[in-house]
Amino acid sequence: MSRRGLLIILSSPSGAGKSTLAGLLRTWDATLAFSVSATTRAPRAGEVNGKDYFFVTAPEFQKQVSDGDMLEHALVFGNYYGSPKAPVKAAIDAGRDVLFDIDWQGAQQIKNSSLQEHVLSIFILPPSIKELHRRLVSRGQDAPEIIEKRMQKSWDEISHWDGYDYVLINDDLATTQERLKTIISAERLRRSQQPDLVGHVRALQAEFGDMT
Ligand code: ADP
Ligand code: 5GP
């Protein structure tokens, strides 16, 4: 039986752990494709162009949007971010799931797109706001003023938690990882993800007819 890929969206306030979890999921299942977003923000130390993000200029970004090449796009923390459409279509048509690390605005746009029946959306909550701040600081990648900006925006992101299919509190990392694997394993069996089911049921019907 062949299957169609899921569009697996992970959202959370910055620092709750979605990039870490996305990395762990990709180690669990190497066939998971990751949607590499385009962004106008500057690369952080260690980020690789084409792997973590496609780092583009604002005019380059706008051209991709106006050419209709983005599945979704949004302004986040003063920078543009967007998910290129073509690699996503190619992956799900080939039966590969695609993982998105995007904000609530992007999640809403994908849920309203023609691919909506294949969307699995998961929101990651931090155990507390204090721990969220601690994680942003311990990540050691952003200047204090950027961390403050992300903290101020965290409630805006959290307030959209109830628009998601699943909501996990990322307290213990190993537990969250296990829960994510359980959710994905079950959702892969959704009817919409199994295109050959119709043919199988028709074959059962024919066999049934032959017997009666
Ligand atoms: P996001 O992608 O949501 O911005 P990250 O994945 O970069 O967040 O995680 C922020 C920091 O928190 C990282 O240093 C990461 O190692 C750490 N972290 C993630 N999940 C947990 C957890 N369950 N417990 C403790 N630290 C965590
Ligand atoms: P960061 O700058 O920390 O990598 O990401 C900041 C925020 O932008 C995160 O909430 C992340 O999920 C979101 N983001 C990253 N890529 C995209 C994208 O392609 N589209 C949207 N809508 N949000 C994105």
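Since we're looking at a predicted model, the values are computed, not measured. Index from 1, following the sequence. Counting starts at 1 for both ligands and their atoms, following the listed order.
- Heavy-atom proximity to Ser83, at under 4.0 Å, picks out these atoms of ligand 2: 19 (O).
- Exactly one of Arg3, Gln193, Arg4 qualifies for a side chain to side chain donor-acceptor pair (under 3.5 Å) with Asp97. That residue is Arg3.
- Heavy-atom proximity to Lys18, at under 4.0 Å, picks out these atoms of ligand 2: 10 (O), 12 (O).
- Within a 6.0 Å radius of NZ in Lys63, no more than 12 heavy atoms belonging to other residues, nucleotides or ligands are found.
- A 6.0 Å sphere centred on CD of Glu145 holds more than 12 heavy atoms belonging to other residues, nucleotides or ligands.
- Here atom 19 (O) of ligand 2 lies nearest to Ser37 when heavy atoms of Ser35, Pro43, Ala74, Ser37 are compared.
- Here the shortest heavy-atom distance to atom 13 (C) of ligand 2, taken over Thr39, Leu71, Asp103, belongs to Asp103.
- Sequence neighbours left out, not one pair with a member in residues 203-212 passes salt bridge (Lys or Arg N to Asp or Glu O under 4.0 Å).
- Residue contacts with ligand 2 leave out Gln109, since none of its heavy atoms falls under 4.0 Å from the ligand.
- At most 12 heavy atoms of other shown residues, nucleotides or ligands fall within 6.0 angstrom of atom CZ in Arg179.
- The local environment of NZ in Lys153 is sparse, with at most 12 non-hydrogen atoms from other residues, nucleotides or ligands closer than 6.0 Å.
- Taking any N or O of Arg139, backbone or side chain, none lies under 3.5 Å from an N or O belonging to ligand 2.
- The shortest separation from a heavy atom of Gln105 to ligand 2 is not under 4.0 Å, leaving the residue out of contact.
- At the shortest separation from atom 12 (O) of ligand 2 among protein heavy atoms lies Asp101 OD1, 2.8 Å.
- Of the candidates Phe77, Tyr80, Phe54, Tyr53, the one placing a heavy atom closest to atom 1 (P) of ligand 2 is Tyr53.
- Surrounding CD1 of Ile169 are at most 12 heavy atoms belonging to other residues, nucleotides or ligands under 6.0 Å away.
- Between Val76 and ligand 2, no N or O atom pair is found at a separation short of 3.5 Å.
- Proximity of Glu157 to ligand 2, defined as any heavy-atom pair under 4.0 Å, is not found for any part of the residue.
- When each atom of ligand 2 is checked for a heavy atom of Arg41 under 4.0 Å away, the hits are 1 (P), 2 (O), 4 (O).
- Between His73 and ligand 2, no N or O atom pair is found at a separation short of 3.5 Å.
- Between the Glu60 side chain and the Thr57 main chain, a donor and an acceptor come within less than 3.5 Å of each other.
- Gly15 and Leu132 get closest at one heavy-atom pair: C-CD1, 3.6 Å.
- The ligand atoms of ligand 2 that sit less than 4.0 angstrom from a heavy atom of Gly106 are 22 (N).
- No part of Gln141 comes within 4.0 Å of ligand 2, judged by heavy-atom distances.
- For the 3.5 Å distance criterion, the side chains of Ser83 and Glu72 qualify, holding a donor opposite an acceptor.
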Any protein N or O within less than 3.5 Å of an N or O in ligand 1? List each pair with its distance, or say none.
from     : atom 1 : to     : atom 2 : distance (Å)
ligand 1 : 2 (O)  : Ser19  : N      : 2.9
ligand 1 : 2 (O)  : Ser19  : OG     : 2.4
ligand 1 : 3 (O)  : Ser12  : OG     : 3.4
ligand 1 : 3 (O)  : Gly15  : N      : 3.4
ligand 1 : 3 (O)  : Ala16  : N      : 3.4
ligand 1 : 3 (O)  : Gly17  : N      : 3.0
ligand 1 : 3 (O)  : Lys18  : N      : 2.9
ligand 1 : 3 (O)  : Lys18  : NZ     : 3.1
ligand 1 : 4 (O)  : Gly15  : N      : 2.7
ligand 1 : 4 (O)  : Arg139 : NH1    : 2.8
ligand 1 : 6 (O)  : Ser19  : N      : 3.4
ligand 1 : 6 (O)  : Thr20  : N      : 2.8
ligand 1 : 6 (O)  : Thr20  : OG1    : 2.5
ligand 1 : 7 (O)  : Arg139 : NH1    : 2.9
ligand 1 : 8 (O)  : Gly17  : N      : 3.2
ligand 1 : 20 (N) : Asn170 : ND2    : 3.1
ligand 1 : 23 (N) : Asn170 : OD1    : 3.0
ligand 1 : 23 (N) : Asp171 : O      : 2.9
ligand 1 : 23 (N) : Leu173 : N      : 3.4
ligand 1 : 24 (N) : Arg135 : NH2    : 3.2

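- Annotation: Glu72 places an N or O atom under 3.5 Å from an N or O atom of ligand 2; distance criterion only.
- Here Met1 is tied into one hydrophobic group with Leu197, each link being a pair of ILVMFWY side chains closer than 4.5 Å.
- Under 4.0 angstrom from ligand 2, the non-hydrogen atoms of Arg44 all belong to its side chain.
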**Report entry** side-chain hydrogen bond (donor to acceptor under 3.5 Å, both in side chains) between Thr39 and Asn79, intermediate numbers included
**Finding:** CA-CA 7 Å; Thr39 182; Asn79 289 299; 5.7 Å; no
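- When Tyr80, Phe77, Tyr81 are each tested for a side chain to side chain contact (heavy atoms under 4.5 Å, CB included) with Arg41, only one passes: Tyr81.
- Not counting sequence neighbours, the partners of Lys89 by the salt bridge (charged side-chain N to carboxylate O under 4.0 Å, His left out) test are Asp93.
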